[in-house]
J.: 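My structure is below; once you've seen it, I'll send some questions.
So that the names make sense, note that chain A is the first sequence line, chain B the second, and so on, each numbered from 1. For the numbers below, each heavy atom of this structure counts, side chains included, while hydrogens, waters and symmetry mates do not.
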Number of protein chains: 2
Amino acid sequence: MTDAVDPPKARRPNTRLEEVARAAGVSKSTVSRVINGEPYVSSRAREAVHQAIGRLGYSPNQAARTLAGSRANCIAMVVSEHGSRVLNDPFFAGVLRGVHAELAGKRVQLVLMMSKEGDEQDLVNYLCGGHVDGVLVISLHGQDPLPRTLADAGLPTVVCGRPLGAGGVPYVDSDNFNGAMEAARYLVSLGRKRISTIAGPRDMAVGMDRLSGWKRGLSQARFDTDLVAYSDYTPESGAAAMADLLKRAPDLDAVFVGADIMALGALQTLHAHGKKVPEDVAVVGFDDLMIASTAVPPLTTIRQDVEQLGRTMTWRLMAELAGEENLPPFLLLPTSMVTRSSA
Amino acid sequence: MTDAVDPPKARRPNTRLEEVARAAGVSKSTVSRVINGEPYVSSRAREAVHQAIGRLGYSPNQAARTLAGSRANCIAMVVSEHGSRVLNDPFFAGVLRGVHAELAGKRVQLVLMMSKEGDEQDLVNYLCGGHVDGVLVISLHGQDPLPRTLADAGLPTVVCGRPLGAGGVPYVDSDNFNGAMEAARYLVSLGRKRISTIAGPRDMAVGMDRLSGWKRGLSQARFDTDLVAYSDYTPESGAAAMADLLKRAPDLDAVFVGADIMALGALQTLHAHGKKVPEDVAVVGFDDLMIASTAVPPLTTIRQDVEQLGRTMTWRLMAELAGEENLPPFLLLPTSMVTRSSA
DNA sequence: CTGAAAGCGCTTACAG
DNA sequence: CTGAAAGCGCTTACAG
C-alpha cells in the first residue's frame, strides 16, 4: 500500500471565475459584472466573456456568490404540516409545478422544507439566517404562526391560501367564496329545493370560505342554510358526512361538497343509500382533480387552477424581492364551473 | 432627502461563529468541531459551545460552510420530464415525503429541480458544479440520458425506478415484476379464463416490468398472453385501451391494469359496455392510490409503497456519501396485494 | 468602462 | 484536546 505517498489530490474540478477572466482577457470584476447583467460593460468585453463561459462550461459557484454578495439566489418553499395533517398530493404537486414554471430562466434555486410541529425553531433559525431570500409557505393549518414569524423577522414571505392567523402577510388564494357561491346558485337554478353542503375543517380558511360562499348563494335565493356537515379532506370522512346529512334530511336533493376528494366519498354513500345521482341528489364538488372526470357519475365541480396559484405566489415574491412597491396584499384567482353529469 | 447621509447600514444580522466562540470562551476551530460532531473535543468545551449556540440562536451560514469545506450539505432531487410527460402527482408527492422523512435530523438541504428537454446542459453544469453532493433523479422517461451523464461526471446519483438507458447507475424500484405476477396468479386462482392486461408505455421500465410479470404469471399457468393493450397513465387512455381489448375479445373475463389511474378509465368503459365488475370482468390495478378505495367498485390492486421508495433512495445516496462501500447496485421493494371488490 | 484588493463566514491542515 | 492562519470563489466599494 503506497496510498500515503499519493500526491495530494489536486481537487480543482470546476472552472473558476478567474479562468474565465483569463480566457476572455479581462479582470475578474468584469466577468462578475457580465454574469450579473450589470450595465457599464463594453459590448466587446461582454461578448468575450460570454464566449469564454460557453467554451469552458462555466457555472458560478453559488456558495461563493451567496457568501460574498447579499443575496442567496435561493427561495424556500416550506410546507408546514402544523398538526400533522397529511399533505394533499395533487394540490401540492400542482403548486410546485407552477412555482417552477415561474422560476424558469431565473437563476434562483428552490429549496424545499417541511416543518412538523416542534421543529419550528430550527426552521425559523435557518430561514432567517440569510440562507434564502424569501419564502413561499404552504400551510395546512389556518392558525399556523409560521408565516407571521417569518414576516416579522423581515423575510419576504408569501402564503398559499388565506392564512387565518397571519393577518398582514401577503397571500394568494383561489376565490373560494365566489366559486362556492356559483355552485350554490347553480344548484338553485337546477330547481333543487333542499340543498346541503359538506364543508372542510373549521380551522382552515379554504373550508370556511367555501362554506361562506355556499351560504351566501343560498340565502340570496332565500333558502335555508342549515344542512351543513364537516369533513376533513378524505374520501372516508366525506362518506361519513354524507351519511350524517342523509340522516338529518332524508329529503335532501343536492349537496355541494367543498372538495372533490370528499365528494368521492359522498358519492359512495349516496350509492349505498340507493340515491341516484343526479336524479335524486345533485352533487357539485370543488377543485376539479383529475379523478373528478372518472368519478361515477363524472363530477360537476368548481375548478381552481392550482398551478396558477404556484405561479402567482412566485411572481408576487419575486416582485417583492426585485424591490417593486405597492404590491397587492393578496391576490385571488378566479374559479370556473365544469359541468359534467353529477349535477 | 438626507438618505445619502444615513450611516452605512451596519448589516450584521446574524450571529456568527466568532460570537459563539467568544460566548463559549473557546476558539472558532473548536466551535466548528462541535458543530460538525468531530471527536477530540473535551466535553467541557462541547457543552459550553452547545449552550452558547442555544442562547444565541446560532445557525451556521451554509454558504460559508460549502465554500470552505468540500461538501455542499445539499442534495438535489431532479424531476426530469424528458419528453414533457406530465408529472404523476401522487407518486411524486409520496416520494418526496419519503425523501424528507429520511433526511429529517440530518443537516442536509433538499433542492428541487426540474429539467425539460433542451435545458439539460444548464442543469448538468449546475449539478456537476459542486453545488450539490449527490442527486436523486426521478425520470419519467426510460431512455433519459441524464442519470448516466451525472454518474459519469462522478456525482453520486440514485435513480427512482429502473432506468432503461442508464445501466450501472444505482436505482431503487418497486418489485413491479413480482407484483404483476401476483396479480396474474390471483386472477387465475379466481377461475378466470380469458385474462387481459392494459400496460403502460413501452419506453418506461415500470410498464414493461409489470407487463413481464403478468406474462410470466399467466404462462406459468399455461394461459395465453395475447390480450395486451397499451396506455399512457391517464384515465382516458385507460378507457380507450379497455375498449380496444373488449373489441378484440368480447369474452374476456379479467383485466390486470398496470396503474390505478388507468384502471379508473377501464372501469368506465366496462360500465359503458354493460359489463359488471367483478361478475363479468374482474379488475386488478397497481399502485393503490388513495382513490382506489373509492372507485366503483372499490379496486383490488397491488400496493407499492411510494414513500418507502423515497426513503430508500435517500438512504442509498446518503450511505454512498458517507463512504460506505459495496452498496447494492439496486434495491427492489416488495409489493402487496390489497383485495377489495373489483376482483 | 475597468482592475486591484478586501472581505463574506466558515473548514482544514498545521503546529502545539 | 486546542488555536492561529490560510484559503474556499465570488462581489463590491474604491480608485482610476
J.: To the nearest Å, give me how far apart CZ (Arg65(B)) and P (dG7(D)) are.
T.: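 Nearest whole value for this atom pair: 22 Å.
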J.: Would you mind telling me which of Leu321(B), Leu331(B), Leu136(B) makes a side chain to side chain contact (heavy atoms under 4.5 Å, CB included) with Arg316(B)?
T.: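 The passing option is Leu331(B).
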J.: Does dG16(D) have OP1 or OP2 sitting under 4.0 Å from an N or O in the side chain of Tyr40(A)?
T.: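 Answer is no, no contact under 4.0 Å.
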J.: Side chains of His100(A) and Leu110(A), heavy atoms from C-beta outward: is any pair under 4.5 Å?
T.: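 When only atoms from C-beta onward are counted, Leu110(A) and His100(A) do touch, with a gap below 4.5 Å.
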J.: Given the P atoms of dT2(C) and dA6(C), what is the spacing between them in whole Å?
T.: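 Nearest-Å result for dT2(C) against dA6(C) at atom P: 23 Å.
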J.: Taking only the side-chain heavy atoms of Ala64(B) (C-beta and beyond), determine which of dT12(D), dT11(C), dC10(C) contains the nearest atom.
T.: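 Shortest atom-to-atom distance from the side chain points to dC10(C).
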J.: Examine dT2(C): is either OP1 or OP2 under 4.0 Å from a nitrogen or oxygen in the side chain of Ser27(A)? Give yes or no.
T.: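 Answer no for this pair, as no side-chain N or O of Ser27(A) is under 4.0 Å from OP1 or OP2.
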J.: Rounded to whole angstrom units, what separation is found between the CD atom of Gln62(A) and the P atom of dG9(C)?
T.: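 The answer, rounded to whole Å, is 18 Å.
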J.: Between dG3(D), dT2(D), dT2(C), which nucleotide gets closest to the side-chain atoms of Val41(A)?
T.: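 Nearest nucleotide to the side chain: dT2(C).
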J.: Starting the side chain at C-beta, find the nucleotide from dC10(C), dT12(C), dT11(D) nearest to Glu38(B).
T.: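 Within the option list, the nearest is dT12(C).
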J.: Arg22(B) has an atom CZ; how far is it from atom C1' of dC10(C), in whole Å?
T.: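 Computing the Arg22(B):CZ to dC10(C):C1' distance gives 16 Å.
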J.: Return the nearest nucleotide to the side chain of Arg16(B); candidates are dG3(C), dC10(C), dC10(D).
T.: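 It is dC10(C).
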J.: Would you call Ile35(A) and Val20(A) a side-chain contact if the rule is heavy atoms closer than 4.5 Å?
T.: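 Result no, sub-4.5 Å side-chain heavy-atom pair not found.
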J.: Is there a side-chain polar atom (N or O) of Ser32(B) under 4.0 Å from OP1 or OP2 of dT11(C)?
T.: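 Yes, because at least one side-chain N or O of Ser32(B) sits under 4.0 Å from OP1 or OP2 of dT11(C).
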J.: What distance separates Lys28(B) NZ from Thr30(B) OG1, expressed to the nearest 0.5 Å?
T.: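 Result: 12.0 Å between the selected atoms.
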J.: Measure the CG-CG distance between Leu146(B) and Leu123(B) for me, rounded to the nearest 0.5 Å.
T.: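 Nearest 0.5 Å value for the CG-CG distance: 6.0 Å.
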J.: Within this structure, what is the CG-to-C1' distance between Leu67(A) and dA6(C), rounded to whole angstrom?
T.: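 These atoms are roughly 13 Å apart.
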J.: Please confirm whether any donor atom in the side chain of Ser29(B) sits under 3.5 Å from an acceptor in the base of dA4(D), or the reverse.
T.: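 Pair found.
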J.: Does any nucleotide pair with dA4(C) by Watson-Crick or G-U wobble geometry, both distances under 3.5 Å, and what is it?
T.: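 Base partner found: none.
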J.: Ignoring backbone atoms, test whether Ser42(B) places a side-chain nitrogen or oxygen under 4.0 Å from the OP1 or OP2 oxygen of dT2(D).
T.: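 Affirmative; the distance criterion is met.
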J.: Kindly determine whether Arg16(A) and Asn61(A) satisfy side chain to side chain donor-acceptor pair (under 3.5 Å), including the steps that lead there.
T.: CA-CA 8 Å; Arg16(A) 288 170 346 286; Asn61(A) 181 314; over 6 Å; no
J.: State the pairing partner of dA13(C); accept Watson-Crick or G-U wobble contacts with both distances under 3.5 Å, and report none otherwise.
T.: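 Its partner: none found.
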J.: What is the nucleic acid contact for Ala45(A), judged by heavy atoms within less than 4.0 Å: base, sugar-phosphate only, or nothing?
T.: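 Touches sugar-phosphate only.
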J.: Heavy atoms from C-beta onward define the side chain here; which of dC10(C), dG3(C), dT11(C) lies closest to that of Asn36(B)?
T.: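 My answer, after comparing the listed nucleotides, is dT11(C).
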J.: Can you tell me the distance, in whole Å, between the CG atom of Asn73(B) and the C1' atom of dG9(C)?
T.: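 It is 14 Å, rounded to the nearest whole Å.
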J.: Round to the nearest Å and state the distance from Lys28(B) atom NZ to dA6(D) atom P.
T.: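 Atom-to-atom, Lys28(B) to dA6(D), this comes out as 12 Å.
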J.: Consider the side chain of Arg33(B), meaning its heavy atoms from C-beta on, and name the nucleotide among dG3(D), dC10(D), dC10(C) that approaches it most closely.
T.: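 Among dG3(D), dC10(D), dC10(C), the one nearest the side chain of Arg33(B) is dG3(D).
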J.: Write down the distance between CD (Glu19(A)) and P (dC8(D)), rounded to a whole number of angstrom.
T.: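 Atom-to-atom, Glu19(A) to dC8(D), this comes out as 12 Å.
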J.: Rounded to the nearest angstrom, tell me the gap between atom CD1 in Ile35(B) and atom C1' in dC10(C).
T.: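 So the two atoms are 9 Å apart, to the nearest Å.
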